[in-house]
Amino acid sequence: MLSIKQAAIVGTGVIGNGWIVRMLAQGYDVIAADPAEGAEERMRRAVEQSWPYVEALGLAEGASKDRLTFVKDTEEAVKNADFIQENVPEVEELKQSVLQTIDKHAKPDAIIGSSTSGIMPSELQENLLHPERFVVAHPFHPVYILPLVEVVAGKQTTSENVDKAKAFYESLNMSVLLVRHEIEGHIADRLIEAIWRESLHIVNEGIATTEEVDKAFTHGAGMRYAQYGPFLTFHLAGGEGGMRHMLKQFGPALKKPWTKLEAPELTDELYDKVVSGCEHQSNGMSMSELDQNRNEFLVKLYDLVQEYWPKEQTAVKR
Ligand SMILES: NC(=O)c1ccc[n+]([C@@H]2O[C@H](COP(=O)([O-])OP(=O)(O)OC[C@H]3O[C@@H](n4cnc5c(N)ncnc54)[C@H](O)[C@@H]3O)[C@@H](O)[C@H]2O)c1
């Protein structure tokens, strides 16, 4: 039986704030910690800006922005929490040390989830006193709109605690993907990274600008990927013969050098091209305006995919 009364967030950057909004929207009390100067003000601003979108998606009974407390110290945030989500920067030594602090000060049966994009859970739980309650729970930005969370157990995580973590994320109206084999980058980031590497190669080699690469994605494959993933998309691309025909026709192309696989060197020149390209594409919009614009789009898309996704992929509406 899931009895989470108090959730704690450690690290209130992009992802930590996203979790806060999702948890508040689903009716939890949240306590957050971040030692950075101005962190509380940034967190409260992020909650204000995101709230209209979670309202549009539907709030759980009793959900309120007022049920959020901020403290400077991790120890203070986690001591009474039943569920703790860690979201500090993707630096393994930092994560190890913050997780050890959380583990030491949290109740022994509190579950700890880490938002790490690529580090394996067995590595992160190695030096914990209670490694059995640790999972990786990798979300997607913006966490308060996108429903997917990849849950990965480490070698020392018990299946009972995986079940508890899964139940908690489901109570946040999320779609849980249990990753059965731990691997760097889990599942989704391996896919995203492949597209990212190729995008950087194309810009680096002067084949296209950042704007052209983005268009190549959003006006074609990107639109269909919100409904079907790479497999069903290619099944359909095979026409009447489906995947059988598709593999026959395009199978040999897999051996052609369409992709570069290794990431390009991030030289100063490539850095400048990518940064100035994105700034040009922003068309004078501030980051906050771009963020709101993306959110409006995703809220509409969310409603659409609820109608078209196969049933088991649909997050439960509360
Ligand atoms: N940005 C994304 O799209 C994304 C998506 C999924 C997962 N993640 C993962 O989420 C984690 C956080 O990424 P982010 O993009 O939010 O980073 P971020 O830089 O926006 O935020 C990190 C926050 O952690 C705080 N912090 C640093 N040291 C701390 C400490 N000792 N104790 C408490 N807080 C501390 C920082 O002050 C900052 O506010 C990373 O592991 C990342 O891989 C990121």
Side-chain angles (χ1 to χ4, degrees), residues 7-23 30-47 49-50 68-79 81 84-106 112-125 127-128 134-152 154 165 169 172 174-177 179 182-193 195-196 199 278 287-288 290-291 294-295 298:
I9 293 292
V10 177
T12 59
V14 174
I15 292 303
N17 287 338
W19 279 115
I20 289 172
V21 174
R22 184 173 275 279
M23 290 175 184
V30 182
I31 183 162
D34 192 315
E37 201 54 50
E40 178 172 9
E41 198 193 329
R42 282 193 297 279
M43 173 195 76
R44 299 219 178 261
R45 199 166 50 234
V47 172
Q49 286 182 350
S50 319
L68 172 61
T69 310
F70 182 87
V71 291
K72 275 255 173 231
D73 298 326
T74 296
E75 293 86 331
E76 178 70 15
V78 304
K79 67 179 186 197
I84 300 146
Q85 186 75 31
E86 168 278 310
N87 322 276
V88 302
E90 190 78 352
V91 177
E92 187 156 348
E93 306 74 57
L94 174 65
K95 287 221 185 265
Q96 300 269 15
S97 116
V98 170
L99 284 167
Q100 280 175 43
T101 305
I102 295 173
D103 180 51
K104 192 167 156 204
H105 294 274
I112 305 173
S114 169
S115 296
T116 177
S117 297
I119 309 170
M120 292 195 282
S122 292
E123 284 170 29
L124 290 176
Q125 74 188 163
N127 300 314
L128 303 186
F134 175 82
V135 293
V136 161
H138 176 236
F140 295 81
H141 176 57
V143 182
Y144 47 90
I145 301 179
L146 298 183
L148 185 67
V149 56
E150 294 178 302
V151 173
V152 200
Y169 294 117
L172 295 176
M174 297 184 92
S175 176
V176 176
L177 177 61
V179 179
E182 50 178 333
I183 183 161
E184 297 90 344
H186 324 311
I187 296 174
D189 276 355
R190 281 185 74 180
L191 305 176
I192 294 165
E193 188 77 3
I195 292 169
W196 181 225
S199 304
C278 290
M287 289 306 285
S288 164
L290 278 174
D291 200 68
R294 188 264 333 270
N295 284 357
L298 285 180

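All residue numbers in this chain count up from 1 along the given sequence. When a ligand or atom number is given, it counts from 1 through the structure's own listing order. Worth saying up front: this structure is predicted, and the values here are computed from it rather than measured. Atoms considered below: every heavy atom in the structure, side chains included; atoms not considered: hydrogens, waters and symmetry mates.
In terms of protein heavy atoms, atom 11 (C) of ligand 1 is closest to Val88 O, 3.5 Å. Among all non-hydrogen protein atoms, the one lying nearest atom 32 (N) of ligand 1 is Pro35 CD, 3.6 Å. Of all protein heavy atoms, the one closest to atom 9 (C) of ligand 1 is Ser115 O, 3.3 Å. The closest protein non-hydrogen atom to atom 21 (O) of ligand 1 is Gly13 CA, 3.2 Å. In terms of protein heavy-atom proximity, atom 26 (N) of ligand 1 is nearest to Pro89 CD, 3.9 Å. Ranking the protein heavy atoms by distance from atom 8 (N) of ligand 1 puts Ser117 OG, 3.2 Å first. The nearest protein atom to atom 39 (O) of ligand 1, hydrogens excluded, is given as Asp34 OD2, 2.6 Å; this is a heavy-atom distance. Of the protein's non-hydrogen atoms, the one nearest atom 12 (C) of ligand 1 is Asn87 O, 3.3 Å.
Between the CE atom in Met43 and the CG atom in Asp34 there is a gap of 9.5 Å [rounded to 0.5 Å]. Here Leu148 contributes atom CG and His138 contributes atom NE2; the two are 9.0 Å apart, rounded to the nearest 0.5 Å. We find the CG-CG distance between Leu94 and Leu99 to be 9.0 Å, quoted to the nearest 0.5 Å. Atom CG of Leu177 and atom CD1 of Ile187 lie 4.5 Å apart (nearest 0.5 Å). One distance of note links OG1 of Thr74 with NE2 of His105; it measures 9.0 Å at 0.5 Å rounding. One finds the CZ atom of Phe140 at 5.5 Å from the CG atom of Asp189 (value rounded to the nearest 0.5 Å).
The N/O atoms of Ile15, backbone and side chain alike, include one that comes under 3.5 Å of an N/O atom in ligand 1. Between Val14 and ligand 1, an N or O atom pair is found at a separation short of 3.5 Å.
Protein heavy atoms are found inside the 4.0 Å sphere centred on atom 16 (O) of ligand 1.
Heavy-atom neighbours of Arg190 CZ from other residues, nucleotides or ligands within 6.0 Å: at or below the threshold of 12. Crowding of Lys72 atom NZ: a count of heavy atoms from other residues, nucleotides or ligands under 6.0 Å exceeding 12.
Ligand-side atoms of ligand 1 in range of Val98: 30 (C), 31 (N), range being under 4.0 angstrom from any heavy atom. Heavy-atom contacts of Pro139 reach the following atoms of ligand 1: 5 (C), 6 (C) (cutoff under 4.0 Å). Taking every non-hydrogen atom of His138 and a distance limit under 4.0 Å, the qualifying atoms of ligand 1 come out as 6 (C), 7 (C). Those atoms of ligand 1 with a heavy atom of Val10 less than 4.0 angstrom away are 33 (C). The ligand atoms of ligand 1 that sit less than 4.0 angstrom from a heavy atom of Ala36 are 37 (O). Of all the atoms in ligand 1, the ones that sit under 4.0 Å from a non-hydrogen atom of His141 are 3 (O).
Asn127 has its side chain within reach of Gln96: a pair of non-hydrogen atoms, C-beta onward, lies under 4.5 Å apart.
At least one heavy atom of Lys95 sits closer than 4.0 Å to an atom of ligand 1.
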Q: Walk me through it: do Trp19 and Val149 pass the test side chain to side chain contact (heavy atoms under 4.5 Å, CB included)?
A: CA-CA 11 Å; Trp19 279 115; Val149 56; 4.0 Å; yes
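With salt bridges taken as basic N to acidic carboxylate O contacts below 4.0 Å, none links Lys79 and Glu75.
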